[in-house]
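Written below as structure tokens is the structure these notes are about.
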Amino acid sequence: MTARRPRRFLPMVWHFARVSERESYTFRWGRGSGVITVHRGDVRGSHGEETLLCTIPVGIDWTEENDLRRQARQWLRAREQHQRARP
């Protein structure tokens with residue numbers, strides 16, 4: 001029996017965001033996946049899950065790369081607000 005490969009949702013887009021000198025994220029969205037994956041560091045072009053931080057359910061497909069940039073900005077803003085609210 002051969003090992004089954006995980007399904008890759010292609011085409012796929014990536015967006016890299018540097019938050020600070022020590023903190024950066026790569027957002028990846030495969031058409032048909034229904035989720036955006038958030039990874040630590042710069043993993044543009046990767047299909048692996050080694051640096052996976054979280055997934056963002058979106059339930060829709062991207063139509064242009066700006067869709068991913070918009071979703072990434074929303075996630076980063078929400079993350080920043082959550083960190084500020086912590087005691």
Side-chain angles (χ1 to χ4, degrees):
M1 184 172 168
T2 59
R4 221 177 139 167
R5 291 178 125 185
R7 183 172 174 203
R8 292 193 177 140
F9 296 96
L10 299 174
M12 193 173 281
V13 292
W14 291 264
H15 174 68
F16 176 71
R18 181 170 301 284
V19 176
S20 69
E21 189 175 307
R22 300 175 119 177
E23 185 179 10
S24 60
Y25 301 96
T26 300
F27 297 84
R28 183 177 72 201
W29 195 354
R31 186 162 288 149
S33 69
V35 298
I36 295 170
T37 56
V38 182
H39 303 261
R40 289 192 188 281
D42 185 354
V43 293
R44 288 175 283 192
S46 165
H47 293 271
E49 303 295 335
E50 298 83 17
T51 59
L52 182 66
L53 180 62
C54 72
T55 58
I56 306 167
V58 287
I60 57 172
D61 280 337
W62 58 272
T63 54
E64 62 178 353
E65 289 186 30
N66 283 334
D67 295 339
L68 179 56
R69 287 187 192 104
R70 213 175 295 105
Q71 292 285 342
R73 280 194 303 269
Q74 288 176 0
W75 185 85
L76 289 167
R77 270 194 300 266
R79 184 187 146 283
E80 183 181 328
Q81 289 173 354
H82 178 74
Q83 286 183 335
R84 284 186 195 163
R86 289 158 97 192

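Computed from a predicted model, the values in this text were never measured in an experiment. By convention here, the first residue in the shown sequence is residue 1.
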Could you tell me whether a side-chain N or O of Arg28 sits under 3.5 Å from a main-chain N or O of His39, the two making a donor and an acceptor?
no

Side chain to side chain contact (heavy atoms under 4.5 Å, CB included) involving Arg22 - partner list, sequence neighbours excluded:
Ser20

Considering all heavy atoms of both residues, which atom of Gly48 and which atom of Ser46 are nearest to each other, and what is their separation?
N-OG, 3.0 Å

Quick one: closest heavy-atom pair of Thr63 and Asp67, and the distance?
N-OD2, 2.7 Å

Within 6.0 angstrom of Arg40 CZ, more than 12 heavy atoms from elsewhere:
no

In the hydrophobic clustering (ILVMFWY, side-chain contacts below 4.5 Å, transitive), which residues join Val19, or is it alone?
Val13, Tyr25, Phe27, Trp29, Ile36, Val38, Leu53, Ile56, Val58, Ile60, Trp62, Leu68, Trp75, Leu76

Mind checking what makes side chain to side chain donor-acceptor pair (under 3.5 Å) contact with Arg69, not counting sequence neighbours?
Asn66

So, the side chain of Thr26 versus the backbone of Gly41: is there a donor-acceptor pair under 3.5 Å, distance only?
yes

On a heavy-atom basis, which atom in Ala72 and which in His15 lie closest, and how many Å separate them?
CB-CD2, 3.6 Å

